[in-house]
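Read through the structure below, which is laid out as C-alpha cells, and then see the notes.
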Amino acid sequence: MSTVLIKDLPAHIGQRVTVKGWLHQKRSSGKIAFLQIRDGSGFVQGVVVKDEVSDEVFHTAVGLSQETSIEIDGEVRQDERAPSGVELTIHQIAVVYASHDYPITPKEHGVDFLLDNRHLWIRAPRQRAILKVRAEIIKAIRGYLDSHDFTQVDPPILTPSSCEGTTNLFATSYFDEQAYLTQSGQLYMEAAAMALGKVYSFGPTFRAEKSKTRRHLLEFWMIEPEMVYVTHEESLVIQEQLLAHVVSHVLEHCSVELKVLQRDTSLLERVKAPFPRISYDEAIAFLQEQGHQITWGDDFGAPDETVIAKQYDRPVFIEKYPTEIKAFYMKPDPARPEVVLCADLLAPEGYGEIIGGSQRIDDPELLLARFKEHDLPEDAYAWYLDLRRYGSVPHSGFGLGLERTVAWICGLEHVRETIAFPRLLYRLYP
RNA sequence: UCCUCGAUAGCUCAGCGGUAGAGCAUCCGGCUGUUAACCGGAGGGUCGUAGGUUCGAAUCCUACUCGGGGAGCCA
C-alpha cells in the first residue's frame with residue numbers, strides 16, 4: 001500500500017492508500033466519526049463507521065485529539081458532499097504522537113494570541129494557503145526574470161553603511177567595527193549589473209522603523225532588478241510585464257488557495273499590461289481637486305495613495321517626483337531637472353506602494369555633487385563612484401516588495417500574515 | 001515619537017460601585033453524514049501591575065507595563 005499526498009487523492013479513487021498527517025478536526029456521533037486530516041499538501045475528510053472497523057479502531061478514532069499525528073489506512077472514495085470531491089473510508093489508524101490541549105481551537109482568536117502561537121498558527125488552512133501563494137509568487141518572479149536573461153546575484157546582508165541615509169538601520173557589531181543589516185541591495189546590484197548586464201537580487205531587507213501599520217514589517221523580502229542600457233521608460237514596461245505575469249501565474253496555479261482565502265479573482269483577472277501612468281504633477285492636481293491638503297513638493301501620505309489607486313482597476317505608476325524628495329542616486333529628467341526619472345507603482349484596492357524604481361545617475365560629476373548635497377561620506381561610497389569612472393552606462397532598476405505584493409494578491413488585511421514568522425515592532429518571538 | 005482603543009477562565013468576550021458570568025476548548029455521558037455539528041453534566045479565576053477614593057472596587061481616579069488600529073517613514 002502506497003503513501004499518497006492528500007492533494008493527489010483524486011487520482012487514486014477506488015484504491016486503498018496510506019495518508020500520513022495530522023488530525024485537524026473531529027466530529028463524532030455514537031456510531032460514526034468524521035476526521036479532518038491534513039498532511040501539508042491539503043485537507044481531506046476521513047470517515048470511520050463503527051460497524052465496519054474493529055472496536056479498537058473506532059475507539060481510537062473517537063478519542064483522537066486535535067493535531068495528533070496519525071497514519072491512516074483507507075480507501076479513496078468519490079463523494080459529492082466533500083469539498084475536494086473525495087473522502088477516505090478509514091480502515092486503520094496508527095497514532096504517531098499524541099497531542100493534548102492544542103491552543104488554537106476552531107473558534108475565533110485575537111491577533112496577539114495568534115502571533116504568540118505563530119509556530120502553530122501556520123498549520124491553519126488560511127495561513128497554509130497564504131504561504132503557498134507566496135511561494136508561487138516567488139516562483140513566478142524567478143521564472144519571468146530567469147527567462148528574460150536576468151542573472152541572480154546575492155548582495156551582502158551585513159553592510160558598512162546605509163543605502164538611503166543613516167537612520168532606521170539595525171546595527172550590529174562586526175568585531176571592532178559597526179555593521180548594519182542591509183535595507184537595500186541596490187547599490188551592489190548596480191555594480192553587479194555592470195558585470196552581468198541584467199541582474200536581480202532576492203533576499204531579506206531590514207528597516208528599524210517604528211512603524212505600526214498593516215503595510216509594514218521590520219524584516220521583509222525584496223526583489224531588486226538592475227538593468228544596463230535600460231531607460232526609465234523601458235524599465236516600466238519590464239515592471240508591468242513582470243507583475244502581470246505573476247498575477248496570471250497565481251490565478252493559474254493557486255485556485256484552491258485563492259478559494260480558501262475567499263479572494264475575488266475577478267479583480268485580479270483585470271491586471272494586464274500596460275498599466276496606467278500618471279505624473280507626480282497630475283497626481284498633485286488630482287489630490288487638490290479631491291480637497292487634500294497637499295502642495296507640489298510634498299510626498300504622498302498613505303491616504304493620498306489610496307485615493308489615487310482607487311481610480312484604477314489595475315496597478316498605477318506615478319512618475320517623475322520632485323528631485324528634492326527622492327534618493328540621491330536618481331537621474332534628473334534632462335527636460336526638467338527639478339524632477340527625477342522615477343516611478344512608484346501603487347497596487348489597487350489600497351494596498352499601497354509595491355514597487356519603487358528609477359533610472360540611476362550615470363554622470364560621475366553629477367553623482368559627486370549629490371554626495372555633497374546629501375552630506376554622504378565620499379570615502380564610504382568611493383566604490384560606487386568607480387562604477388561611473390570605469391565605463392558608466394545608462395541603467396535603471398527597481399525594488400519589488402514581496403510582502404505587500406502577497407497581501408494584495410491574497411486580499412489580506414495585514415502584511416503580518418504574508419511571511420511565516422513576521423518581525424514586527426517589539427515582537428521577536430517566536 | 002504622537003493620536004486612539006484595549007487588558008476579566010486555556011481562547012473569544014459580557015459584567016461598569018454591592019457574593020465572578022456566558023460560549024468555545026478540556027474531561028465524562030448521549031447521538032449513523034457531520035462541515036466553527038448538536039444535547040446533558042463536571043472541573044476551571046490573585047479581574048495586567050502598583051498606589052489612591054470608598055463602609056465596600058473587576059467597575060471610579062493616577063502612574064506604569066503589555067497589546068491592537070492609525071499617523072509619520074517607507075516596500
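B/C5 and B/G45 have their P atoms separated by 33 Å, with the value rounded to a whole Å. Spacing of C1' atoms, B/A57 relative to B/A20, comes out at 13 Å, to the nearest Å. Rounded to the nearest Å, the gap between the C1' atom of B/C60 and that of B/C16 is 9 Å.
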Heavy-atom contacts, protein to nucleotides 40-47 of chain B, under 4.0 Å, summarised as B (base), S (sugar-phosphate only) or - (none) per nt, yield --------

Summary of protein contacts for nucleotides 33-38 of chain B, nucleotide by nucleotide, where a base hit scores B, a sugar-phosphate-only hit scores S (4.0 Å, heavy atoms)
BBSBB-

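Here the side chains of A/Val19 and A/Leu9 are in contact, with some heavy-atom distance below 4.5 Å.
One atom, NE2 of A/His109, and another, C1' of B/G23, lie 13 Å apart when rounded to the nearest Å. B/A9 atom P lies 12 Å from atom CZ of A/Phe113, rounded to whole Å.
A donor and an acceptor atom never sit less than 3.5 Å apart when one is taken from the side chain of A/Thr213 and the other from the base of B/G69.
Taking the charged nitrogens against the carboxylate oxygens, A/Arg215 and A/Glu403 have no contact shorter than 4.0 Å, which rules out a salt bridge. With respect to A/Arg427 and A/Asp112, a salt bridge is recorded, a charged nitrogen being found less than 4.0 Å from a carboxylate O. A salt bridge between A/Arg214 and A/Glu413 is present, with a side-chain N of the basic residue lying under 4.0 Å from a carboxylate O of the acidic one.
In RNA chain B, consecutive stretches of 3 or more Watson-Crick or G-U wobble pairs with both distances under 3.5 Å are given as paired ranges: B:1-7 with B:65-71, B:10-13 with B:21-24, B:26-30 with B:38-42, B:48-52 with B:60-64.
With A/Arg207 contributing its side chain and A/Gln183 its backbone, the two residues share a donor-acceptor pair below 3.5 Å.
For A/Phe150 and A/Tyr144, the distance between ring centers is not under 6.0 angstrom. A centroid separation of 6.0 Å or more is found between the aromatic rings of A/Trp121 and A/Phe113.
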